[in-house]
Protein chains: 2
Amino acid sequence: MSISSRFAVGIHILTLIEVNKGNVSSSEYIAGSVNTNPVVIRRIIGLLKNAGLVTVRPGIAGAELAKDLSEITLLDVYKAVDVVQDQELFSVHGNPNPACAVGRNIQETIIPLFSAAQFALEKALGSVTIEDVVKDVLEKEKANNK
Amino acid sequence: MSISSRFAVGIHILTLIEVNKGNVSSSEYIAGSVNTNPVVIRRIIGLLKNAGLVTVRPGIAGAELAKDLSEITLLDVYKAVDVVQDQELFSVHGNPNPACAVGRNIQETIIPLFSAAQFALEKALGSVTIEDVVKDVLEKEKANNK
DNA sequence: CTACATGTAACTAGTTTAGTTACAACAAGA
DNA sequence: TCTTGTTGTAACTAAACTAGTTACATGTAG
């Protein structure tokens, strides 16, 4: 199991739009950097648009950030690209036996524990912004150019 | 996307073995409580055995806990049932373009961030033991019988 | 009208999951 | 030893999801 790379690609897209600021970031251009098909990029940009993170219009080349860099967290992206439904990072087996003391109580016991773990994950993602990512990418770039 | 229910079933199995203590917990009996096929249970018990959490022997009915209840955390179960590989909860797109400043640095930037989030999740799971789960199940059972 | 971009449906191959059947290996009692 | 019942596994299935692709309708601007 693994959380879809849509999440990583979403972060890549937003970062690239910022770093490429001033120029046009078309789906084809972005696809060139991510190294995938433009349709894959358009689909993800569509999700980012629904979440209010980017603006993009039919027929007009280029996507732009709809918010300030520092106001977009990885959690926003994570939720936008729809990789995990609320409360459903962990799946719980469906129909335990109600005739068994464990079977009839295990779900109610487990679900809050799973939610807490999922919340811890989301909190970590919420503490990092795209601004942080952009800065780190540019720093690494600088270091490599020395 | 969703983390396999093997994890939830693994917790169910360990809890049931404890609550059923004194009696024999065969794969068929456990399957009755989980409400699935005994082979599914045997497979998961095999994983729990590899991780040293239960003892079970060919031909002899019944699995038993190999450790004290309070020494088995949800994280142990999570790792045992192999639902997520180390450092791979989030997948990162494979071949970003090295000719692009973002493409050639994004992986190195993202991977530690993902690791931190995964670690936060694991820390939450590590703070709960099967003993906690057993107690909660029995408390809920008591409350419902009033 | 032309050129080009986005939006989206439809299809593909590859993976993963949970479940199932079938059967070998093993243990213990009659 | 034979019978019964269990664990351990291989092999197969249907369903779901992923990432990628082709094709094309829709929209913009010169």
Establish, with yes or no, whether the OP1 or OP2 oxygen of [N] is under 4.0 angstrom from a side-chain nitrogen or oxygen of [X].
X: Thr36(B); N: dA18(C); result: no
X: Ser5(A); N: dT18(D); result: no
X: Ser4(A); N: dA19(D); result: yes
X: Ser26(B); N: dT6(D); result: no
X: Arg57(A); N: dT6(C); result: no
X: Lys49(B); N: dT7(D); result: no
X: Ser27(A); N: dT6(C); result: yes

**Study point:** Under 3.5 Å donor-acceptor, Asp136(B) side chain and Asp132(B) backbone
**Key:** no
Check your understanding: Within the modelled atom types, does a donor on one side and an acceptor on the other bring the side chain of Arg43(A) and the base of dT21(D) under 3.5 Å apart?
Key ->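 Indeed, a donor on one side and an acceptor on the other fall under 3.5 Å apart.
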Check your understanding: Of Ser91(B) and Val39(B), whose closest DNA chain D nucleotide lies nearer the 5' terminus?
Key -> Val39(B)
Check your understanding: Which comes earlier along DNA chain D counting from the 5' end, the contact point of Val40(A) or that of Ala63(B), where each point is its nearest nucleotide?
Key ->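 By nearest-heavy-atom nucleotide position, the 5'-most residue is Ala63(B).
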Practice item. Starting from C1' on dT17(C), measure out to CD1 on Ile44(B) and report it in whole angstrom. Key: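 Ile44(B) atom CD1 is separated from dT17(C) atom C1' by 11 Å.
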**Study point:** Nearest-angstrom distance from the residue atom CG of Leu48(B) to C1' of dT7(D)
**Key:** 15 Å
Check your understanding: Do Leu16(A) and Cys100(B) have side-chain heavy atoms sitting under 4.5 Å apart?
Key ->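 Answer yes - side chains close enough.
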Check your understanding: Nearest to the side chain of Ile60(B), which nucleotide is it out of dA18(C), dA27(C), dA19(D)?
Key -> dA27(C)
**Study point:** From dG20(D), dT6(D), dA29(D), nucleotide with atom closest to Glu28(B) side chain
**Key:**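 My answer, after comparing the listed nucleotides, is dT6(D).
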**Study point:** Glu28(B) CD: over 12 foreign heavy atoms closer than 6.0 Å
**Key:**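 Atom CD in Glu28(B) is not crowded, with 12 or fewer foreign heavy atoms closer than 6.0 Å.
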Review point. Would you find more than 12 non-hydrogen atoms of other residues, nucleotides or ligands less than 6.0 Å from Glu141(B) atom CD?
Key: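 Result for CD/Glu141(B): enclosed.
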